[in-house]
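Right, one structure below, let's go through it.
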Number of protein chains: 2
Amino acid sequence: MIQDKKNAFNKFAAGKGLRSTRQRDCILNVFLSTHQHVSVEELYLKVKACCPGVGQATVYRTLKLFVEAGLAREVLLHDGQTRYEHVQAGEHHDHLVCTGCNAIIEFENETIEKLQDQIAERHGFMIRSHKLEIYGLCADCRS
Amino acid sequence: MIQDKKNAFNKFAAGKGLRSTRQRDCILNVFLSTHQHVSVEELYLKVKACCPGVGQATVYRTLKLFVEAGLAREVLLHDGQTRYEHVQAGEHHDHLVCTGCNAIIEFENETIEKLQDQIAERHGFMIRSHKLEIYGLCADCRS
DNA sequence: CTGCTTTTGATTATCATTTTCAATTTATCG
DNA sequence: CGATAAATTGAAAATGATAATCAAAAGCAG
Ligand SMILES: [Mn+2]
Ligand SMILES: [Mn+2]
Ligand SMILES: [Zn+2]
Ligand SMILES: [Zn+2]
């Protein structure tokens, strides 16, 4: 599955005439080996651990490429930092965000998605994307 | 109704030992006379029109007070600017955001809210707040 | 290899928001 | 009414995340 994503990115890169570089390989490896919802800073530190010379600018640039290639999705919660998560084809989910421990719980709800479609239709609105974030305290932080 | 909000703020201010100032009066007046979803910059310009000496720092500070007092709510869409909207007691709504013309359409959906409660309960999660934003093109921008 | 183009990374710039801090203003009390 | 202590203000500087610059380095087709 990791190899699939690497292939997907290589294909995307080939199609765009992008060159293959040590930096991008490293950032892709680190991203693919990473858990959900990484901040750019977190990723940058991990990348430096294996390729010390890589600059943050390159990490920022490369993450945007991953989004373009369909490997990653931007997640903007309310801590002022852009995070990136893995995208698997045809899947969508939303987030419960714990303000106590910063944990993120993912959920899917088909009914909510359908209701959104109805609302949009009622207003003649064409949906491109949406975000639903529920903030509060997770089970652990409630005690 | 405008007077109600002024009274509400004065009550809040009294309870917190805040002093009454020309600046805050002016900012409150301007905010109350303003349409939904104003950015700080927009508000700042309007404030300067009637009280030329007021600084932005004061506008930023005062808006946070309004939120604390329950008069206003922060709305963070994805244009990098914090906006503020009026809050009326016991009311909640979410947003359709047009990426073409920046129009914002408000909607309420009790079913979605209930489904959110169910999801939270299922995860032992205690909801404090949530945001649902649907991005896309409004009827006008689709043509 | 050569020459051309992309990529990189250090540095600088942006831009919204926050902090600082000295000067001003407000509320309180004698 | 002053005097005093505390809160408020506004100009300017600081912050912090991200974007833009640009000269040097690297990748690639011929
Ligand atoms: Mn997620
Ligand atoms: Mn609104
Ligand atoms: Zn938690
Ligand atoms: Zn529109």
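This is a predicted model, so every value here is computed, not measured. Here is how names work: the chains are called A, B, and so on, in the same order as the sequence lines, proteins then strands, and each is numbered from 1.
In terms of modelled atom types and a separation under 3.5 Å, the side chain of B/R83 and the main chain of B/L77 share no donor-acceptor contact. A/H86 places a side-chain N or O within 3.5 Å of a backbone atom of A/F31 that can act as its donor or acceptor partner.
A heavy-atom distance below 4.0 Å to DNA chain D is reached by these residues of residues 76-86 of chain A, ordered by number: A/G80, A/Q81, A/T82. In the region residues 46-66 of chain B, proximity to DNA chain C at under 4.0 angstrom, judged on heavy atoms, holds for B/A57, B/Y60, B/R61, B/K64. Within residues 15-44 of chain B, the residues approached by DNA chain C to less than 4.0 Å at the level of any non-hydrogen atom are B/R19, B/S20, in residue-number order.
Side-chain contact of A/N7 with A/Q3: a donor-acceptor pair under 3.5 Å is present, judged by distance alone.
Shown here for B/K46 and B/V30, the closest heavy-atom pair between the two residues is CB-CG1, 3.6 Å. Taking both residues in full, the closest heavy atoms of B/F9 and B/L71 are given as CB-CD1, 3.7 Å, listed atom of the first, atom of the second, then distance.
Separation of the A/H37 and A/H35 ring centroids does not fall under the 6.0 Å cut-off. Between B/F66 and B/Y84, the ring center distance fails the sub-6.0 Å criterion.
Results of the side-chain contact (heavy atoms from CB on, under 4.5 Å) test with A/Q23 over A/T58, A/V47, A/T62 single out A/T58 as the only residue that passes.
With respect to the salt-bridge test (charged N to carboxylate O, under 4.0 angstrom), the residues B/K131 and B/E133 qualify.
Crowding of B/E68 atom CD: a count of heavy atoms from other residues, nucleotides or ligands under 6.0 Å exceeding 12.
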